[in-house]
Amino acid sequence: MSKGGHVGVLALQGDFREHIAVLRSLGADAVPVKRPEELDRVAGLVIPGGESSVMDKLSRLFGIAEPLKAAIRSGLPVYGTCAGLIMLADTVLDSIEGQQTLGGFDLAVRRNAFGSQLDSFETDLDIPVLGDLPVHAVFIRAPVVETVGERATALASLDDGRVVAVEQDNLLGTSFHPEMTGDTRFHEYFLRKVRAA
Ligand code: GLN
């Protein structure tokens with residue numbers, strides 16, 4: 001891990017504190033990132049859940065959107081959960097007017113894909129790259145991945161086949177919130193990516 005071993009969590013909005021706590025529990029030197037100069041100091045970045053349209057606006061306001069796009073394209077390991085996954089996707093369906101993303105992840109994701117009937121739910125997922133034990137996944141006004149582009153790979157799907165975890169080189173994304181369940185395997189998987197980069 002270069003850059004002093006710091007792992008950043010984008011701290012503009014959303015549940016960044018929970019991600020920092022999980023990363024620190026795993027021994028990582030996790031730091032909040034809001035400004036471009038803070039981005040320069042991290043070897044990897046988590047983009048938390050929250051509200052993607054707000055995070056988008058704040059990222060542009062703080063001047064971090066453009067440097068972050070460049071960092072993603074030059075190989076910075078980035079893990080997006082829920083709204084964070086939306087921020088990473090090349091294409092967003094059901095976005096609000098004017099909503100932009102950082103992009104880089106060869107995906108189309110649909111915001112709020114489970115509608116108002118089923119805002120939040122929990123389920124167990126088989127995720128072979130994390131081992132035999134299923135992952136308990138918490139979905140909160142979650143997106144789904146509607147199209148997995150050629151450069152991306154699906155890591156997990158719901159019983160109906162909808163994709164909810166994805167990977168592409170330096171990028172990792174989940175529709176759900178591993179920072180809320182005490183299962184640290186996704187964060188460990190991400191930290192291995194950071195160390196390998
Ligand atoms: N619905 C939110 C969005 O569109 C995501 C919800 C979440 O991150 N838990 O950004």
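None of these values were measured; they are calculated from a predicted model. Start at 1 and go down the list; that is how both ligands and their atoms are numbered.
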N/O to N/O below 3.5 Å, does that happen between [X] and ligand 1?
X	result
R141	yes
C82	no
I86	no
T81	no

Point to revise | Atom indices of ligand 1, in the order listed, that fall short of 4.0 Å to a heavy atom of G49 | key: 8 (O)
Point to revise | S52 neighbourhood, listing ligand 1 atoms whose heavy-atom distance to it stays under 4.0 Å | key: 3 (C), 4 (O), 10 (O)
Point to revise | Closest to atom 5 (C) of ligand 1 among A142, S175, G50 (heavy-atom distance) | key: G50
Exercise for review: For L125 and A137, work out which heavy atoms get closest and say how close.
Suggested key: CD1-CB, 3.6 Å
Point to revise | Residue pair A65 / L102: nearest heavy atoms and the distance that separates them | key: O-CD2, 3.6 Å
Revision key, fill the gap. Atom 1 (N) of ligand 1 sits nearest the protein heavy atom N112 OD1, 2.6 Å
Check your understanding: Among protein heavy atoms, which sits nearest to atom 4 (O) of ligand 1, and what does the distance come to when rounded to 0.1 Å?
Key -> R111 NE, 2.8 Å
Check your understanding: Hey, would you say the F176 and F186 ring centroids sit under 6.0 Å apart?
Key -> yes
Point to revise | Pair T153, Q168: side-chain N/O donor-acceptor within cut-off below 3.5 Å | key: no
Point to revise | Test item: side-chain donor near acceptor, S25 and H187, under 3.5 Å | key: no
Practice item. Apply side chain to side chain contact (heavy atoms under 4.5 Å, CB included) to R141 and E51, showing your working. Key: CA-CA 9 Å; R141 290 176 295 106; E51 173 49 52; 3.8 Å; yes
Exercise for review: Go through the steps for K193 and E167 under the test salt bridge (charged side-chain N to carboxylate O under 4.0 Å, His left out), then give the verdict.
Suggested key: CA-CA 11 Å; K193 237 185 216 310; E167 181 169 31; 2.7 Å; yes
Practice item. May I ask whether H177 has any heavy atom positioned less than 4.0 angstrom from an atom of ligand 1? Key: yes
Review point. How far apart are the C-alpha atoms of T81 and I47, what are their side-chain angles, what is the distance that settles it, and do they pass the side chain to side chain contact (heavy atoms under 4.5 Å, CB included) test?
Key: CA-CA 6 Å; T81 58; I47 305 183; over 6 Å; no
Review point. When you look for heavy atoms under 4.0 Å from ligand 1, do you find them on the side chain of E51, its backbone, both, or neither?
Key: both
